[in-house]
Every structure is written in structure tokens, then in C-alpha cells.
Amino acid sequence: MAVRIQSEPLDPGAELTGFASGRRDLGAVVTFTGVVRDNDAGDLQRLEIEHYPAMTILAIEAMVTEATARWTLGDALVIHRHGPLAPGDQIMMVATAARHRADAFQAAEFLMDYLKSRAPFWKKEVTRDGASWVAARDEDEDALSRW
Amino acid sequence: MAVRIQSEPLDPGAELTGFASGRRDLGAVVTFTGVVRDNDAGDLQRLEIEHYPAMTILAIEAMVTEATARWTLGDALVIHRHGPLAPGDQIMMVATAARHRADAFQAAEFLMDYLKSRAPFWKKEVTRDGASWVAARDEDEDALSRW
Amino acid sequence: MKVDLVYFAWVRERIGLPRETVETDAATIAELISELRAREDRYDLALSDLGAIRAAADQQLVEFDHPLPGVREVALFPPMTGG
Amino acid sequence: MKVDLVYFAWVRERIGLPRETVETDAATIAELISELRAREDRYDLALSDLGAIRAAADQQLVEFDHPLPGVREVALFPPMTGG
């Protein structure tokens with residue numbers, strides 16, 4: 001199990017290659033990669049991600065611990081970037097490995113839902129016209145109720 | 001959208017790197033990788049995967065078409081190996097890309113459930129003691145009822 | 001009419017060959033299977049339990065009551081185990 | 001007692017600084033927020049809508065009625081948008 005917060009670029013392909021490699025007991029590996037989407041006007045210059053360093057890893061480790069209590073996981077990985085990102089950049093990724101696919105899928109979805117609304121990150125969109133903070137979405141908060 | 005059937009080794013990391021790359025409109029990429037698990041006795045020598053070449057790609061393309069009708073996907077990829085595989089080898093992978101994570105996750109799970117029970121592959125386990133065909137699992141068949 | 005038959009996994013192993021062409025007047029795949037079972041023990045052994053068999057007609061999964069006329073290739077195999 | 005306060009995102013921008021240490025006798029985080037709002041308009045602007053604010057006490061998410069005594073660091077910020 002590993003949690004990393006970094007400003008450096010994220011290489012999901014390389015992370016997947018290294019994740020749970022050499023394990024002969026885990027039949028299922030799921031990854032989720034979050035990518036910076038351009039805005040509807042197509043003029044997003046960058047996304048700036050702020051976080052709460054003293055809390056971030058603690059909060060995500062608690063989510064991973066909860067996921068391993070709920071599902072039978074062989075390994076889990078969460079990487080989240082902060083700082084400035086461009087459209088098309090990878091913001092974050094989650095990887096889960098389990099004997100069976102249902103555990104790997106559900107744990108990855110659980111971690112994503114909690115990361116969206118309970119990990120201390122905030123996103124600011126910068127365009128030619130200025131900067132604005134991304135508002136939390138009701139549907140992201142609602143997604144937590146299924147767990 | 002792409003479907004590939006191959007006997008060559010599969011490199012999920014490299015596939016993820018190339019998948020939906022350069023897209024600025026897709027915020028969510030999900031991958032599933034299936035790995036050959038050793039058996040409970042720990043003596044699996046190899047898994048032999050047979051398939052029905054004339055049908056395999058047709059069947060999987062129909063699943064991908066169905067997935068793109070049900071969810072808003074920007075891209076999808078299915079790769080499945082056949083021939084002999086060793087424990088720890090990657091058998092197959094699915095990748096989905098969408099604006100939002102719910103579509104990417106659900107489409108990937110849908111494709112996995114259908115690949116398990118509706119794509120014409122058969123697995124034979126070879127151990128020191130002989131060879132036996134892997135039986136279909138009731139829970140894999142039952143998983144289709146949720147879609 | 002002539003129909004190409006293809007077999008996979010343990011159906012193929014029990015019948016002892018991967019494909020063959022047969023001459024048949026069967027109206028459905030179920031009737032074709034009955035004809036095959038009457039031919040030799042190895043067919044009977046392979047195809048006796050229809051609950052353990054699946055069929056495809058021209059590369060499409062079908063039920064056993066699927067009409068045979070017009071079908072060029074019938075595949076018989078155990079439940080699939082992909083993924 | 002002394003409490004370290006840290007602010008993030010638009011709460012930080014409206015208050016105009018990322019962290020400070022305050023002297024307070026507030027019993028809860030809600031009382032602390034009331035004291036802050038009474039200090040200056042920029043605090044009032046940042047913290048007037050509690051529905052738009054979340055709080056953490058010593059790096060744990062808490063409700064506004066969380067007791068303040070014993071807490072060393074209080075964080076105030078908008079709803080999180082990770083992932």
C-alpha cells in the first residue's frame with residue numbers, strides 16, 4: 001500500500017508496470033487515472049491544485065485503510081499531484097490489485113469517491129479571463145452515500 | 001475503439017501510456033488487467049487459452065458497441081491473449097476513457113462481465129499432475145444480470 | 001445440406017477433432033446434435049449434457065432451437081471462460 | 001489558549017493570509033469562527049456562509065461544534081475537490 005503526493009509529472013503507464021508486479025496471487029488490477037479536462041470554452045490555460053500538506057497523506061491513508069477493511073486487496077496505490085497542470089496532464093491515479101475483479105473495481109471506485117470529496121485538495125481554473133475556484137459538485141458528495 | 005487478440009505478451013503499462021493520449025476532453029481513464037493466478041496448490045505450470053478465431057473479435061466488438069451505446073465513452077480498448085501463459089502473466093486488459101469517472105468505471109465493469117462469460121475463450125490449467133479445463137463460475141454468469 | 005462444424009475445449013477433445021463438415025437434414029441445432037450423438041460414442045460423450053454446452057451459428061451465440069437451414073458454420077463448446 | 005489557524009483556497013484568498021496564530025477562549029470551532037468574523041470584514045466575508053465552509057481540527061475533518069480546547073491547529077476551507 002502506498003500514497004504519494006507530488007508536484008512532478010505522473011506517468012500512469014510506468015506506475016501500472018511497477019504495480020503489484022511479480023505477484024502470482026492477484027488476478028485483477030484496476031487503475032483509474034484522472035486527467036485535466038479543458039473547459040467548455042476550450043480556453044483553460046492551467047489548473048492549479050492547492051492542498052493541505054499536513055493532512056493530505058493522513059486523510060488518504062485513512063481511506064486506503066478503510067478500503068482494505070472492506071475488500072480483500074493485495075495492494076493499493078494512490079498518487080495525487082499538486083501545483084500547476086495543463087489540459088491533458090494526469091492529475092492523479094488510483095490502482096488496486098485483488099484476487100478477484102469485484103474487489104479491485106469496488107475498492108478503486110470507493111477510493112475515487114472519497115478522494116473527490118474528502119481529500120484536502122482544491123482546484124483553481126485559470127483562463128485568459130481570470131481565475132476561479134472549481135466548486136464541489138453535489139453528485140460527488142452524493143456518491144459517498146452508496147458506501 | 002480497438003479490439004486486439006494476440007498470442008504475444010501484453011504490456012498494460014505501455015498500452016495505458018498510448019491510450020487516449022493527447023485528449024483534453026476525457027477526464028477519466030479506467031483500466032482492468034487480468035493476470036494469471038497460480039492455483040491453490042501453487043503448482044500451476046501454465047494456462048493454455050483456446051479461442052474461436054472467426055468469432056472472437058466479432059463478439060468483443062459487439063460488446064464494445066453495446067458499451068458505447070450505454071455510456072458516453074471517448075475511447076475503449078480490449079486486448080486478449082491466447083496460447084500458453086505462465087502464472088503472473090497478463091492475460092488481457094480493458095481500458096475505457098470518458099469525460100466523467102462513472103461512465104469509465106461502469107463501461108469497464110460491463111465489458112469485463114461480458115468478456116468473462118460471452119467471449120469465446122476457454123482456459124486449461126496444466127500442472128505436474130495433468131491438465132484440466134477451467135469451469136465457468138455461476139457468479140460470473142450471475143454478474144451479467146446487473147446490466 | 002452441408003454444414004461446417006467446429007468444436008472447442010473439452011468438446012473438441014472428446015470428439016477428437018477440431019472441425020469437420022457433415023451432410024444433414026436437421027431442422028435445428030438440437031436435431032443436429034441428436035444426429036451427432038447417434039453416430040458414435042465419442043459424440044455422445046461430448047454432447048450428452050446440453051446444460052454444459054453452448055452453440056454458435058455463423059459466429060453468433062444461439063439457442064439450441066435455432067433453425068439450421070441457411071447456417072454455414074455451427075460451433076459447439078463449453079461455457080466460455082474469458083477475461 | 002493559542003490556536004494555529006490555516007486557510008485554503010478562496011477562504012485563504014479572502015482572509016488574505018495562509019496561516020496565523022490567535023489567542024482565544026472559544027469553546028468550539030463555531031465560537032472561534034464567530035470571534036474571527038467580528039474582527040474584520042475580510043474574515044466576515046470569508047466565513048459568513050458556514051454551509052460553504054469545512055473545518056479540520058488537528059488534520060481531522062470535524063463538525064463546527066467540535067470542542068476547541070486541546071486542539072492545536074484548526075483549518076478552514078471550502079468543500080474539497082480532489083481526484
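Note on naming: letters A, B, ... go to the chains in the order of the sequence lines (proteins, then strands), and numbering restarts at 1 for each one.
For residues 43-62 of chain A, heavy-atom neighbours of chain B at less than 4.5 Å comprise L44(A), sorted by residue number. Contacts between residues 96-130 of chain A and chain B, defined by a heavy-atom separation under 4.5 Å, are made by R99(A), H100(A), R101(A), F105(A), A108(A), E109(A), M112(A), D113(A), K116(A). Residues of residues 138-147 of chain A lying under 4.5 angstrom from chain B, judged on non-hydrogen atoms, are D140(A), A143(A) by number. Of residues 19-30 of chain A, those residues with a non-hydrogen atom less than 4.5 Å from any non-hydrogen atom of chain B are, in numerical order, R23(A), R24(A), D25(A), L26(A), G27(A), A28(A), V29(A), V30(A).
Annotation: maximal heavy-atom pairing with chain B below 4.5 Å, among D11(A), D89(A), T31(A), occurs at T31(A). Chain A forms more heavy-atom pairs under 4.5 Å with one residue of N39(B), D38(B), I91(B) than with any other, namely D38(B).
Atom OG1 of T17(A) sits about 8.5 Å away from atom CD of Q90(B), to the nearest 0.5 Å.
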